[in-house]
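Bear in mind the structure is a predicted one, so any value in this text is a computation, not a measurement. Just so you know, residue 1 is the first one in the sequence shown, and it goes up from there.
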Amino acid sequence: MRSQCHILFVRLYIPHSRTSLPASMFSRNDFSIWSILRKCIGMELSKITMPVIFNEPLSFLQRLTEYMEHTYLIHQANASSDSIERMKCVAAFAVSAVASQWERTGKPFNPLLGETYELVREDLGFRLISEQVSHHPPVSAFHAEGLKKDFVFHGSIYPKLKFWGKSVEAEPKGIITLELPKYNEAYTWTNPTCCVHNIIVGQLWIEQYGNVEVLNHKTGERCCLNFKPCGLFGKELHKVEGYILDKSKKKVCSLYGKWTECMYIVDYAALEAHKKSGKGTVEKKSSKPEVEEISLPEADTVEVIPGSYLLWRIAPRPVNSTEMYSFTSFAMQLNELDKDMDGLIPKTDCRLRPDIRAMENGDIDLASEEKKRLEEKQRAACKTHSKSDDELKTKWFQQGQNPHNGSQDWLFSTGYWNRNYPLLPDIY
């Protein structure tokens with residue numbers, strides 16, 4: 001006879017199915033953003049207490065989990081015996097990791113020190129654990145692994161947020177690593193910079209820009225991607241272009257597309273010939289989108305070069321996405337709390353955080369009160385520990401050296417999935 005714990009464990013592995021949040025997004029029109037931000041120009045926002053109206057009902061730990069929405073690209077990489085083909089899939093995965101940020105103008109809640117989040121998706125073939133490992137500077141560490149032990153994906157992110165008068169810029173410092181044990185390969189890269197424009201006046205919009213280099217540490221092959229800034233007339237908005245270099249540094253193929261929509265791959269020589277000819281075709285949208293989904297704006301089309309093939313395409317958003325903080329279907333399920341999880345997940349899990357739960361339920365006043373209470377509780381705990389020289393210790397990650405590029409990193413110390421959680425901090 002199976003134990004109750006085992007039954008709960010099995011239930012947690014059942015794919016989540018929530019298609020909406022308990023309450024719709026509130027209107028920010030009644031708030032004066034400028035009155036709050038005018039004193040913050042040029043400052044790092046992680047050191048400033050921000051009103052809850054700027055938030056979306058997810059912790060940054062949950063937001064990091066959205067990297068995993070397109071895990072099938074990792075599985076495709078594992079299925080290929082050719083290292084260049086694997087690099088194509090990994091590069092597409094690196095681009096797809098930021099795709100959920102399209103139109104997401106709400107700020108995730110800053111995780112509390114010791115806060116954790118887990119997600120197990122049997123349908124996607126992975127499980128993930130993340131922890132807030134540092135308060136100043138704020139550092140979030142995560143570790144995901146294939147349920148068949150076919151990959152490990154991990155990293156530690158230190159998001160530096162700055163306000164520049166009309167925009168907020170988020171620079172995601174930190175190394176991301178993907179390991180494919182089958183080929184004894186490791187890939188590393190960093191994410192591009194994200195910027196939210198028209199913070200004070202006008203319609204909010206997001207761009208990603210900067211160079212991203214994906215390196216295969218075993219073969220020396222690399223993919224160089226350029227997330228283009230929108231430019232003066234917006235012609236480059238959302239565009240991503242790049243190429244793959246083999247171990248002799250020869251360009252073997254080119255990648256192009258938009259991080260909000262899709263990525264294509266084409267032979268490098270074919271791209272050069274296309275540029276010289278000045279010809280191309282425009283990819284056409286389906287004229288019959290599904291009833292439950294909304295399509296991307298018609299302006300977001302990609303010129304398809306002859307000889308190209310599709311690497312990745314973003315999944316359409318739910319029809320109610322604009323009322324739900326522009327969440328994807330994947331994001332909509334991240335804070336879902338099933339009664340069977342009670343007593344199974346640790347008390348530090350984001351799903352149990354009262355301010356996020358209140359905001360998700362549409363109670364902004366309670367969310368604001370709880371956010372203030374939790375931040376004051378965290379400051380008091382840090383002050384107590386500093387006086388006693390008793391440093392707050394992380395539970396599931398330890399600081400160490402990334403074994404592939406030598407940089408400082410936070411590495412998973414195992415033990416979490418044993419479901420034995422003694423001596424956890426009281427953070428909520």
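Looking at Trp189 and Val90, their side chains come closer than 4.5 Å, going by heavy atoms from C-beta outward. With contacts defined as side-chain heavy-atom distances shorter than 4.5 Å, the pair Phe109/Glu56 does not qualify. Considering only heavy atoms from C-beta on, Cys253 comes within 4.5 Å of Lys88 through its side chain. For the pair Leu178 and Phe151, the minimum side-chain heavy-atom distance is below 4.5 Å. A 4.5 Å side-chain heavy-atom check between His154 and Leu411 finds at least one atom pair inside the cut-off. Residues Phe227 and Val95 have side chains in contact (heavy-atom distance under 4.5 Å, counting atoms from C-beta outward). Using a 4.5 Å heavy-atom threshold, the side chains of Ser156 and Ile175 count as separate. By the 4.5 Å heavy-atom criterion applied to side chains, Tyr421 and Lys395 are not counted as neighbours.
Judged by the 6.0 Å distance and 45° axis criteria, Arg86 is positioned over the aromatic ring of Tyr183. Cation-pi geometry between Lys173 and Tyr158 is not met at under 6.0 angstrom from the ring centre and within 45 degrees of the axis.
Rounded to the nearest 0.5 Å, atoms CG (Leu374) and CD1 (Ile356) are 9.0 Å apart. Note that CG of Leu113 is 13.5 Å distant from CZ of Arg379, once rounded to the nearest 0.5 Å. The OH atom of Tyr264 lies 5.0 Å from the SG atom of Cys262; values are rounded to the nearest 0.5 Å. To the nearest 0.5 Å, atom OG of residue Ser130 and atom CD of residue Gln62 are 8.0 Å apart. Here the CD1 atom belonging to Ile84 is positioned 8.5 Å from the CG atom belonging to Leu245, to the nearest 0.5 angstrom. Once rounded to the nearest 0.5 Å, the distance linking CD1 of Ile364 with CD of Glu369 reads 11.5 Å.
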Show your reasoning for whether salt bridge (charged side-chain N to carboxylate O under 4.0 Å, His left out) applies to Lys377 and Asp426. CA-CA 10 Å; Lys377 185 173 182 175; Asp426 176 19; 3.3 Å; yes

Working for side-chain contact (heavy atoms from CB on, under 4.5 Å), residues Asn211 and Leu225: CA-CA 6 Å; Asn211 295 318; Leu225 297 168; over 6 Å; no

Steps toward side-chain contact (heavy atoms from CB on, under 4.5 Å) verdict (Leu352, Ile345): CA-CA 9 Å; Leu352 305 175; Ile345 59 175; 4.3 Å; yes

Yes or no on side-chain contact (heavy atoms from CB on, under 4.5 Å) for Glu323 and Met25, after CA distance, side-chain angles and deciding distance? CA-CA 5 Å; Glu323 302 164 19; Met25 176 182 173; 5.8 Å; no

Could you give me the CA-CA distance, side-chain angles and deciding distance for Met332 and Asn320, then say whether side-chain contact (heavy atoms from CB on, under 4.5 Å) is met? CA-CA 11 Å; Met332 207 88 74; Asn320 60 346; 3.8 Å; yes

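Using modelled atom types and a 3.5 Å distance limit, the side chains of Thr177 and His404 yield no donor-acceptor pair. There is no side-chain donor-acceptor pair under 3.5 Å between Tyr428 and Asp355. In the model, Arg373 has no side-chain atom that pairs as donor or acceptor with a side-chain atom of Gln378 under 3.5 Å. In this structure, a donor-acceptor pair under 3.5 Å is absent between the side chains of Gln132 and Tyr117. Side-chain N/O atoms of Glu115 and Ser59 include a donor and acceptor closer than 3.5 Å. There is a side-chain donor-acceptor pair under 3.5 Å between Glu185 and Asn216. With 3.5 Å as the limit, one finds no donor-acceptor pair spanning the side chains of Tyr209 and Lys239. A donor and an acceptor atom, one from each side chain of Thr116 and Asp349, are nowhere located under 3.5 Å apart. Checking His238 against Glu207 by side-chain atom types alone, no donor-acceptor pair falls below 3.5 Å. Side-chain N/O atoms of Ser80 and Glu85 include no donor and acceptor closer than 3.5 Å. Donor-acceptor pairing under 3.5 Å is lacking for the side chains of Gln408 and Gln401. Side-chain N/O atoms of Glu131 and His143 include no donor and acceptor closer than 3.5 Å.
In terms of heavy atoms, Ile157 sits closest to Ile176 at CD1-CG1, 4.1 Å. Taking every heavy atom of both residues into account, Leu64 and Ser140 meet most closely at CD1-CB, 3.6 Å. Taking all atoms of both residues into account, the shortest heavy-atom contact from Lys347 to Pro425 is CE-O, 3.7 Å. For the pair Ala141 and Val133, the tightest heavy-atom approach, listed with the atom from each and the gap, is CB-CG1, 4.0 Å. For the pair Arg63 and Gly106, the tightest heavy-atom approach, listed with the atom from each and the gap, is NH1-O, 3.6 Å.
Looking at Asp363, its side chain does come within 3.5 Å of a backbone N or O of Leu366 through a donor-acceptor pair. Checking side-chain atoms of Arg357 against main-chain N and O of Arg351 turns up a donor-acceptor pair under 3.5 Å. Using modelled atom types, no side-chain atom of Asn402 and backbone atom of Gly406 make a donor-acceptor pair closer than 3.5 Å. Checked by atom type and distance alone, the side chain of Ser321 pairs as donor or acceptor with a backbone atom of Phe327 at under 3.5 Å. Of the possible polar contacts, one joining the Ser308 side chain to the Ile305 backbone as a donor-acceptor pair under 3.5 Å is found. Side-chain N or O atoms of Asp338 include one that pairs as donor or acceptor with a backbone N or O of Asp340 at under 3.5 Å. Proximity of a side-chain donor or acceptor of Ser413 to a complementary backbone N or O of Gln398 within less than 3.5 Å is not detected. Listed for the Asn405 side chain is no donor-acceptor partner under 3.5 Å among the backbone atoms of Thr188.
Of the listed residues (Glu360, Met359, Glu336), just one forms a side chain to side chain contact (heavy atoms under 4.5 Å, CB included) with Leu21, and that residue is Glu360. Shown are Phe126, Tyr187, Phe142; of these, the ring-ring contact (aromatic ring centres under 6.0 Å, His included) with Phe153 is made only by Phe142. Evaluated for a ring-ring contact (aromatic ring centres under 6.0 Å, His included) with Phe397, the options Trp410, Tyr416, Phe412 yield exactly one hit, Phe412. For the side chain to side chain contact (heavy atoms under 4.5 Å, CB included) with Lys258, the qualifying choice from Leu237, Val302, Val240 is Val302, the only one to do so.
Classification of Arg121 and Asp123 as a salt-bridged pair holds, one side-chain N sitting under 4.0 Å from a carboxylate O. Residues Glu145 and Arg127 are paired through a salt bridge, judged by an N-O separation under 4.0 Å between the basic side chain and the carboxylate. A salt bridge links Arg104 with Glu66; the closest basic N to acidic carboxylate O contact falls under 4.0 Å.
Ring pair His70/Tyr72 is perpendicular by interplanar angle, where above 60° counts as perpendicular and below 30° as parallel.
Residues passing the salt bridge (Lys or Arg N to Asp or Glu O under 4.0 Å) test with Glu221, sequence neighbours excluded: none.
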